[in-house]
Every structure is written in structure tokens, then in C-alpha cells.
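The structure under discussion appears below in the form of C-alpha cells.
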Amino acid sequence: MPMATGITVTNQDIAKILREIAELLEIKGETYFKTLAYTRAADTVDKLDFDLSEVKGEEELRQIKNIGSSIAKNIWEILQGRECQKHRELLLQFPPTLLELLEIPGLGPKRAKALFESRGVRSIEDLVVLIKDHGLRDLPGFGEKTEQNILRGIEQYRRHRERLTIFRADSISRRIVEELRRRTGLELISPAGSLRRMRDTIGDIDILAGSAERPYVIGEFCNLSSAYEVLARGDTKSSIRTADGIQIDLRVVERDRYGSALMYFTGSKEHNVQVREIAVALGYKLNEYGLFERASDRLVVSATEEEIYGRLGLQFVHPYLREARGEVEMAKEGKLPRIVSLEEVRGDLHVHSTYTDGGNSIKEMALEAKRMGYEYVGLTDHALNLKVASGLTVKDLKRQFEEIDYLNEKLGGIRILKGSELNIGLDGSVDYDPEILAQFDFTVASIHGGFGRSREEQTQRLIRAMENPYVTTIGHLTGRIINKREPYQLDLETVLEKAAETGTILEINSFPDRLDLKDDDIFRARRYGIIFSLGTDAHSTQHMELIRFGVATAGRGWLEKKDLINTYPLPELLKIFGRKKARL
DNA sequence: GCCGTTTTCGGCCCGACTGTTTTCAGTCG
């Protein structure tokens, strides 16, 4: 239901308000479980697969898990365009800028409350001034060390507000795991947390090791070349910070507890909660040290994740699926999807060459594709209207096609497909006339300008583009660039319906700064029976290996081999590419 | 505040680490 202003409230807007209520309740000093209820409700709302704006009343809201009568009332107020009373009352007691303090490492609700109530601190700025005036010294529970830590925390917060892209987190963790292995001879070591789950962005990097010599491993970790600062150092757990402010946590467990610890530290937290509930129902207890019989406390299994899932009567859940999106239920029924793997990918369907803004020739790109074991590579240089990337004229295209024909004949073992990255104009039109478009094996049409158009305009633009029989694929559909640009305003459901109706393929742009469509959107789109395509958007041969991030994103969206055209052998691929043209 | 195939009342995650304290509170994941 639209608000009085005509702006639709999204599930994310509502989740944000619920999360703020939880934080404010925490500051207020409410019982932990009350705040937990609001946090859980926020998480649930964030992950719903339908829009709350479609809900008819409070009664319907209460049907949703983790939403009871109170929270249903809160949400209903928001949906009707009114202010949420609970939220308002709390904000009268504590200024909204106080929430910012919670973002500082080392500062939690208790200290935020103490700072506000006894020293009138309302924001990070206030806090900095107070510390400079030494106004923190005589506050109970705050010592000199705490003062230092808070100052450092503020510095880190200001410098490092953005989350790491998966690419950066992955590179850093590989380097660290490699160095630790070399120094200690560790065999059991792996990234854990959201990095192992391959989320698109990562906060801190978590690493787990299994070793009989825990203090020794911790010691070596703290001595790593990239350990600029040691934040914490205990017997089983330690945190360091790199020179550019990235926090890395290491946990070391006994070797025979590695599986349960890996499961625990991989998360997600919500997934773990659901698995733990199953353990409890079966008379077990599950924590990072293993699966135990509840009555006797006897250890049942702990060495591998497979054993633990197995003992609980569950299929092994791939880390990419551990997001509490129904996977635990499916694992119980033995119906988990067999998510697509890197080995199944036969080609990259979005790469550029020196014909436009790429750094390598067509031949170099093709040879790299061949080296990677691909059957085909889809060359999609920029089209006419993208002047900044010297989009190809009809004359350029003729020359490019001749070169492709020549290379296809000469190289062998790799097929270069004639493609184009078309620009979707403000009216939904694309760069070339139909007789030119008909000559491509396939096209990827993307939005490259007019990002700020309204939701309606953007949606219409995309619909018109999809109605074009020569538009095979829509590239980076939502236009987000991680940490830099928000997605455009868009009615995703309408666009997805249209893609299904017209047989338009949706790209999963695998460049780590984009990962667009993102996992949640893929998960939603999947139900429409849409087919997807992977493309790295490579502008050099080095970029082509980034396809693995696209594969991970596809897996996180529950895609199987059949859902991704890059897994199809060439003849079937070409058949699908021709299908839409043939309709018209 | 939410939930229920042990429960409509009594559970919900709790262990590790730091810092300020002398036996524990706050934070984090």
C-alpha cells in the first residue's frame, strides 16, 4: 500500500526501522530477549519473498514468523504511512545520532547510554570533543585503555566505513592462509564466515584453523607480515588489523573439533539457529565443540561438517546456501538444489576487446578463454551510442566480424561469438537498426546512462528493451556498483515477469564490484522460470577469472546447471539465442 | 516480544577476550 506521499515503503525500509527499535531498546536497557525479538523480526522482513506493501492488515502480518501482535502493529502503522509510535517514543528519549556510536568497535549500548546520560554525548563528534577535554577519565568503567581504544575505533570507523568486496576479502584471506600454512605447516585451515559463504561484501575476515598447538599458531598469526596491529590475543582466538584497516579474526580449535567449529563459524547465524533447533528436537546439543547428547553430554560427532549434518538427518548444505532461506527444510526432505559449479561453465558471455575500451585484442581474449578450458567466448564490445567507450560504428562492426571469422577458422578449439553490449536508451530503444542487429549471434543490452530516472520510467525502459526480439540478454540489470552507486529505482517484479514472458535472458554480471543481479534477486527471479547468463564484463584477460564470483553468486541464488546458459554446449546455446528472434 | 511435536509459561546463545576490577561488566561474533 502506498504511503500518502505516493512513495512505496519497501521491506528494507521497514526492516531498518525495526532494527533501530532493537538498538534503541538495547541502549535503554530493555531485556535482551525483547531486543532479540525486534532483531529477528527485522531479519525476517529483510528476507521475505513478497512485498509487505501488498499485505491487507495486521492479522495477515501476524502470520509471518517472528512477527507477533506488537510488531505487527508497528509494521501496520508504517505501511499506512503513519509514524511508528514505538520508534517515535524511543527517539524522544535518545537522539537518532546516538545509534552512530554503536558502529564504533568497542562501543556498545551500555557505554553509549552512559556517555549520553552522564556526559550528554549525542554523536561521534561530541565524543571526540569529550575525549580531547579528558572528560572521559572519571566516568566509572572507562579507563585510559578504553579511551585509547575508542579513539582508535573512531579512526577505523571513519576510514573504513565501506565493506570489502568479496574479491578483496578473498585475495587478502588467500594471502594470509598461504603465509600461515608456510610458517606452521597447518593442514586444517579455511576462511569461515561470510567469506566462505561468498557473500558479495564482507565485514571482517574470519579464518579457522585446527591444530594441537594452538598458542603457537596464534603466535605466528600475530607475527604475520600483514599484522599491522594486534587487537586481541588469547589462547584460542586472536584479531589483527592490517595497515589499511582490515580486521582479521583467527580461531584455532583442536583438530578433532574442526568440523563443528567450521560449521559454527561459517554461519550464517540464522542458519545455525535453525540447525541447532533440529539438534535439540533430536535430543542433541550443537555448538562449536561438537554435537553432544543432551542428557549425558557425551560427544557424538565433531570432526567434519558432513558427519554433523548427516547425524541430524540432513543433506550436506553447501556454504553458499546457508542463509536461512528454506535450505534447512529442503535438506531435511533431501531436496536441496545441486547448485552450479565452476567446472560446469563452458564460456564467458560478456567480454570486451581493444575494439572499444578493453585492454586485450580479440585473439588474446579468445586464447585466454581457450586456456581456461572454455568452448566459447561471447565478445560484446560497446555499441555505437556509448561514445565514452568509443562504441562501434557499423563500419567498425564489419571489420570486427571479419576478424572474428578469421580467428574462428584459424584458432580452433574455441568459438568466438559475435555479440554486442547494446545501450538501452531513455525510451528503451537500442543502438542499431534491425538488419544490423540480426547479424549478431546474441546481444547484451544494458543501461549506461539516465540512472536517476523514476521507477516508472526505468521499468518502462527495460520492458521496451525486452520486447525487442534482438535483445537476447539484459546486462547488469539493477545498475548497482558496490560501495559507489545504489541500484536504480526499478519495479523488479514487473521486470522479472516481462523477462519470463519474452524469453529474455538475465545476466549475472560477475565483476566483483557489480555482482548484478545479486543473489537475493536471482533467488526471486528463479521462480519465474527465467534463464540466466554469466559474464565477467572483462576488460582484459586478467579479468576473465572473475567468473568464479559470478558462479558463487548464481549458487547463492540456488541456480542449478540447467538455469545457466553458460553450461550449455555450443549448439544448444545457439539454439536458445535464436529462439527469441524466431518468435517475431 | 515471540514461540510452541517436551511448553500458553518459560525458554530464547553463550563463550572468549579485554579492561577495570578484585570477582565482574561490556563487547563481540
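Quick note on labels: first sequence line is chain A, next is B, and so on, each numbered from 1.
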Span that lies between the C1' atom of B:dT6 and that of B:dG10, in whole angstrom: 12 Å
Geometric cation-pi criterion, A:Arg255 with A:Tyr258: 6.0 Å, 45°: no
Separation between the C1' atoms of B:dC9 and B:dG26, rounded to whole Å: 30 Å
Span that lies between the C1' atom of B:dT18 and that of B:dG11, in whole angstrom: 30 Å
Which residues share a ring pair (Phe, Tyr, Trp, His ring centres under 6.0 Å) with A:Tyr309, sequence neighbours left out: A:Phe316
Salt bridge present between A:Asp520 and A:Arg556 (N-O < 4.0 angstrom): no
Inter-nucleotide C1' distance (B:dT8, B:dC12), Å rounded: 16 Å
Taking only distance into account, with no hydrogens and no angle test, what donor-acceptor pairs under 3.5 Å do side-chain atoms of residues 180-198 of chain A form with protein atoms, sequence neighbours excluded?
from, atom 1, to, atom 2, distance (Å)
A:Arg183, NE, A:Glu179, OE2, 3.3
A:Arg183, NH1, A:Glu220, OE1, 3.0
A:Arg183, NH2, A:Asn223, O, 3.3
A:Thr184, OG1, A:Leu180, O, 2.6
A:Thr184, OG1, A:Leu186, N, 3.2
A:Arg196, NH1, A:Thr266, OG1, 2.9
A:Arg196, NH1, A:Glu305, OE2, 2.9
A:Arg196, NH2, A:Glu305, OE1, 3.0
A:Arg197, NE, A:Glu323, OE2, 2.7
A:Arg197, NH1, A:Thr266, O, 2.7

Same-atom distance (P) from B:dT20 to B:dA16, integer angstrom: 22 Å
Pairs flagged by side chain to side chain donor-acceptor pair (under 3.5 Å) wherever residues 106-118 of chain A is involved - sequence neighbours left out: none
Ion pair A:Arg214/A:Glu254, N-O distance below 4.0 Å: yes
Contacting residues from residues 35-45 of chain A, given that a heavy atom lies under 4.0 angstrom of DNA chain B: A:Ala37, A:Tyr38, A:Arg40
Verdict with reasoning, A:Glu60 to A:Lys56, per salt bridge (charged side-chain N to carboxylate O under 4.0 Å, His left out): CA-CA 7 Å; A:Glu60 203 179 326; A:Lys56 302 282 183 295; 5.5 Å; no
Residues A:Phe292, A:Tyr284; criterion ring pair (Phe, Tyr, Trp, His ring centres under 6.0 Å); working and verdict: CA-CA 5 Å; A:Phe292 300 86; A:Tyr284 294 121; 9.9 Å; no
Side chain to side chain donor-acceptor pair (under 3.5 Å) contacts touching residues 61-71 of chain A (sequence neighbours left out): A:Thr44-A:Asn66
Euclidean distance for C1', B:dG1 against B:dT5 (whole angstrom): 23 Å
Salt-bridge present (A:Arg19, A:Asp46; N to O < 4.0 Å): yes
Any residue of residues 120-131 of chain A with a heavy atom less than 4.0 Å from an atom of DNA chain B: none
Inter- and intrachain pairs under ring pair (Phe, Tyr, Trp, His ring centres under 6.0 Å), touching residues 20-61 of chain A, at least two apart: none
Contacts of type ring pair (Phe, Tyr, Trp, His ring centres under 6.0 Å), residue A:Phe142, not counting sequence neighbours: none
Salt-bridge present (A:Arg524, A:Asp51; N to O < 4.0 Å): yes
Interface residues of residues 268-275 of chain A with DNA chain B (non-hydrogen, below 4.0 angstrom): A:Lys269
Pairwise P distance, B:dC17 and B:dT21 [rounded to whole Å]: 22 Å
Within residues 96-107 of chain A, residues whose heavy atoms come under 4.0 Å of DNA chain B: A:Ile104, A:Pro105, A:Gly106, A:Leu107
Sorted by number, the residues of residues 215-240 of chain A with heavy-atom contact under 4.0 Å to DNA chain B: A:Ala232, A:Arg233, A:Gly234, A:Asp235, A:Thr236, A:Lys237
Which residue lies more 5' along DNA chain B, comparing A:Lys65 with A:Tyr264 via nearest heavy atoms: A:Lys65
Complementary nucleotide for B:dC9 - Watson-Crick or wobble, under 3.5 Å: B:dG4
Chain A footprint on DNA chain B, 5' to 3' - any atom under 4.0 Å from a heavy atom: B:dG1 to B:dG29
P-based separation of B:dC28 from B:dT23 [nearest Å]: 25 Å
